[in-house]
Amino acid sequence: MEIYFTNTYTIPVIFISSLLAALIVFLQYRNEKDDILDKNQKLGLSFIRFIAFFLVSILLSEIALKQIIKRKSKPTVIVAVDNSESMKPLQTATDSVSLIITQSLKKNNIRYWQFGDHASEADTFLFEAKYSNYGKLLDELTKNYLNTTIGAVLLVGDGIFNQGTDPVFKSKIFPFPVYSVGIGDTTTIVDAAIKNVSHNRTAFLDNYFPVEIGIDFTLAAGNQVKLEIIKDDKAVYFKDILITSDHQFVNELISLKAEEAGINNYKLVVSGLDNEVNENNNRYEFSISVISEKQTILILGSGPHPDLAAINSSLKGNQHYSIDLQTGVKNDVSLEEYDLIIAHQIPDRSRESAALIQKVMEKRIPVLFIVGEQSSVPMLNQLQENVSLPNTTVFENTNASLNENFNLFTLHSNTEEVIEKLPPLYAPFGDITSNTNFQILAFQNIKNMTTENPLICIGAEKNHRLGFISGEGLWRWRIYDFLQNGSHEVFDDLIQRIVNYLVIKPNEDNFNIYCPEIFDENEQVILHAELYNASNELVSNPDIEIEITSEDSINYSFIFDKNNLKYRLNAGKLPVGNYSYSAKTFLANEELKKEGFFRVTVSQNELLETKANFQVLSQISNNTGGKFFASNEIDALIVEMEEAGILKPNKTEHTVFKNILDMKWLFFLIVFLFSMEWFLRKFWGTY
């Protein structure tokens, strides 16, 4: 403990106070008669009074005491367990590993986490997650414990991941050491595994749609197996496959005809392999929504631009759309042919483009405007009154910041995770405003500051649907998506969902229900609704009731939530199967009804890969300064952590300054000294 002086006058004050205290004592006891008090009594009383007055002077001098407190704290160890379906057969081994870790680290703080399609703290593990997202776990731990002292992360899993960013890449910037424990079997056995199935979610009636199937055969040389595609208990495709080597991958590209409108359910089956232990990965189910009409989209640019190619690539894979890509405005454009126009930097500074957009607005054709340096912002502001852009030639880089209150449609969870990490768009500098009928999907984020300016906003004015992206450079988003995730899934999902909303034609009765026809069983079933009054204005006063019925006649009743003149319903995750729905509301004493259907498909990602991948776990550990251990090496793991000093108590020092005026005991000491002096004088007869 050290004495700390709060100002430069403290020492002189103490010195003067000491002299003053000595003077007071001297004046008090110099004339005391020797026949009443002897010499020792005078010295004792003088000393008590001097100390009392000295302590009073100390209080007046505002002295503080500096104290350094040393503490020891137990290190925190995070135990993260893969909670996905692929770990279900390994539950006993996983529980055993967790128990040994708990007993071995009982002197430390242990925090248990589970991860599958998401990551969170958990006390129990059910192993029911449909995906394994190791990257999500690393992100959540970084966000929750970045400024916390963490000894290590013990990662317990089989190393199989099928969602999110590659965890090996993400682990290179992970701030804590990861010690991984491999659970599962890496032994190569006889197996026929459907590894991947690629197909469109929609197809057109009487058209053919492709299905690409990848099958991995292991230790099956000399066998002949049958591949079948079954619909309504009838084989619509079959093929015999001869396996010629012990490690053979077969890729089949098949064309099937969409012969029935609505949701068509298919089942892939690989059969006929002898001595196969695991047959869970021999089957795969998928669904196709077959529609009878196609939406025609015009992608119109003021000139060649990589954005046009990026948007075209995102949409052309969807058989629901017929795409027409044009650069430069032509006088002979037949607008009646198109259900949506994507106007990239249109209107530009030409009269032809302004005249074209004016016709588009008059015919009330849905438009997605993408603003760039070639855009004529004054003309765009003049042709519509929904979004007001700054009249400037100055552009700046701006990132996207997702609006959590947006509810016109639902983005995929991967899209929400990635969108704010995308490269900046080149947007006009200045304030951008939108009217209340439009919702902002993403705000402009400039130099890590989220503004109120919309970067992407969508809405409708009297049932005329419009969208605005106030910046060019979308092609960078598509490239970034591929570099980070190995696919264009996030970018394509974003563009297609914007286009899906804009291209849907509102019903004439002013009551609209928007519901995708296919959901994954791991996906929230979310529906949206719109209600227009007789003046074609959005209203949200009446309640909308909906009843969802499963194919087993189980009914789910809900009432839509209301938000900003829109309706939204989150029915949660529903079991696999076919569903129909019936929604109703009352408007101006008239009952309005809407009916539809959708399907929840089985998620089979965790069944496609059953062989443990310890190499992934080992690479994660190596990248973070940890080490990989098998499930029977927990004792060696604990020894390794002890030798690395991870389990040693953390020593911390805290400096505390305490003002002497806050010490109540000093006040009572002064009172005690004065009282003792008074008592002794009284006792010795000086009063």
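Below, each value reflects all heavy atoms present in this structure, side chains not excepted, and no hydrogens, waters or symmetry copies. Each residue takes its place number in the sequence, starting with 1.
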Inset, instruction - Enter the distance from Ile346:CD1 to Gln374:CD here, rounded to the nearest 0.5 Å. - result: 9.5 Å
Legend entry - Main-chain N/O of Ala310 paired to Ser314 side chain as donor or acceptor, under 3.5 Å: yes
Legend entry - Working for side-chain hydrogen bond (donor to acceptor under 3.5 Å, both in side chains), residues Ser171 and Asn623: CA-CA 6 Å; Ser171 64; Asn623 287 344; 3.1 Å; yes
Inset, instruction - Output yes when a side-chain donor or acceptor of Asp307 lies under 3.5 Å from a complementary backbone atom of Gly473, and no otherwise. - result: yes
Inset, instruction - Please say whether more than 12 non-hydrogen atoms of neighbouring residues, nucleotides or ligands are located less than 6.0 Å from CZ in Phe169. - result: no
Legend entry - side-chain contact (heavy atoms from CB on, under 4.5 Å) between Phe468 and Ser434, intermediate numbers included: CA-CA 10 Å; Phe468 295 82; Ser434 60; over 6 Å; no
Inset, instruction - Using modelled atom types only, decide if a donor and an acceptor are shared between the side chain of Asn453 and the backbone of Ile432 within a distance under 3.5 Å. - result: yes
Legend entry - Side-chain heavy atoms of Val211 within contact of Tyr237, under 4.5 Å: no
Legend entry - Presence of salt bridge, Lys143 and Glu140, under 4.0 angstrom: yes
Legend entry - Under 3.5 Å donor-acceptor, Ser84 side chain and Ser132 backbone: no
Inset, instruction - Test Cys457 against Val387 for side-chain contact (heavy atoms from CB on, under 4.5 Å), laying out the working first. - result: CA-CA 9 Å; Cys457 65; Val387 174; 3.6 Å; yes
Legend entry - Min side-chain heavy-atom separation Glu385-Asn435 under 4.5 Å: no
Inset, instruction - Measure the shortest side-chain to side-chain distance between Thr451 and Thr398 over non-hydrogen atoms and say whether it is less than 4.5 angstrom. - result: no
Inset, instruction - Kindly indicate whether the side chain of Leu422, heavy atoms from C-beta on, has any atom under 4.5 Å from the side chain of Val490. - result: no
Inset, instruction - Calculate, to the nearest 0.5 Å, the distance between atoms CH2 and CD1 belonging to Trp475 and Ile311 respectively. - result: 13.5 Å
Inset, instruction - Measure the shortest side-chain to side-chain distance between Leu205 and Val290 over non-hydrogen atoms and say whether it is less than 4.5 angstrom. - result: yes
Legend entry - Minimum heavy-atom distance Leu527-Phe560, with the two atoms named: O-CE2, 3.7 Å
Inset, instruction - Would you check if the side chain of Asn445 reaches a backbone N or O of Asn399 as a donor-acceptor pair within less than 3.5 Å? - result: no
Inset, instruction - Verify the neighbour count for atom CD1 of Ile173: are there more than 12 heavy atoms of other residues, nucleotides or ligands below 6.0 Å? - result: no
Legend entry - Minimum side-chain heavy-atom gap Tyr579-Val600 below 4.5 Å: yes
Legend entry - Stepwise side-chain contact (heavy atoms from CB on, under 4.5 Å) test for Asn522 and Lys573: CA-CA 7 Å; Asn522 198 49; Lys573 297 178 182 178; 3.3 Å; yes
Inset, instruction - For Gln326, look at atom CD and say whether over 12 heavy atoms of other residues, nucleotides or ligands are found less than 6.0 Å away. - result: yes
Legend entry - Pairwise side-chain contact, His528 with Lys566, heavy-atom cut-off 4.5 Å (strictly under): no
Legend entry - Minimum-distance pair of heavy atoms, taken over all atoms of Asp481 and Phe491: OD2-N, 3.0 Å
Inset, instruction - Give a yes or no on whether the backbone of Thr296 and the side-chain of Asp339 come within a donor-acceptor separation of less than 3.5 Å. - result: yes
Legend entry - Least distance between heavy atoms, Val503 atom then Leu340 atom: CG2-CB, 4.1 Å
Inset, instruction - Apply side-chain contact (heavy atoms from CB on, under 4.5 Å) to Asn437 and Asn386, showing your working. - result: CA-CA 8 Å; Asn437 290 335; Asn386 303 289; 5.8 Å; no
Legend entry - Greater than 12 external heavy atoms within 6.0 Å of Asn251's CG: yes
Legend entry - Atom pair NE2 (His344) and CG (Leu368), whose distance is rounded to the nearest 0.5 Å: 10.0 Å
Legend entry - Salt-bridge contact Arg465-Glu530 (side-chain N to carboxylate O under 4.0 Å): yes
Legend entry - Heavy atoms of other groups near Lys231 NZ, more than 12 under 6.0 Å: yes
Legend entry - Rounded distance (nearest 0.5 Å) linking atom CD of Glu452 with atom OG of Ser401: 12.0 Å
Inset, instruction - List the atom of Ser287, the atom of Asn265, and the distance in Å for their closest heavy-atom pair. - result: OG-OD1, 2.8 Å
Legend entry - Closest non-hydrogen atom pair between Ser470 and Pro428, with its separation: O-CD, 3.5 Å
Legend entry - Shortest non-hydrogen contact between Leu268 and Val197, atoms and distance: CD1-CG2, 3.5 Å
Legend entry - Tyr426 side chain vs Gly372 backbone, donor-acceptor pair below 3.5 Å: no
Inset, instruction - Could you check whether the rings of Phe598 and Phe519 sit parallel, tilted or perpendicular, using 30° and 60° as the cut-offs? - result: perpendicular
Legend entry - Ile469 side, atom CD1; Ile456 side, atom CD1 - distance, nearest 0.5 Å: 5.0 Å
Legend entry - Sidechain-backbone polar pair: Glu472 side chain, Ile370 backbone, donor-acceptor under 3.5 Å: no
Legend entry - Exam field: side chain Gln358 to backbone Leu383, donor-acceptor pair closer than 3.5 Å: no
Legend entry - Any Leu466 side-chain heavy atom under 4.5 Å of Phe438 side chain: yes
Inset, instruction - To the nearest 0.5 Å, tell me how far Asn264 CG sits from Lys257 NZ. - result: 13.0 Å
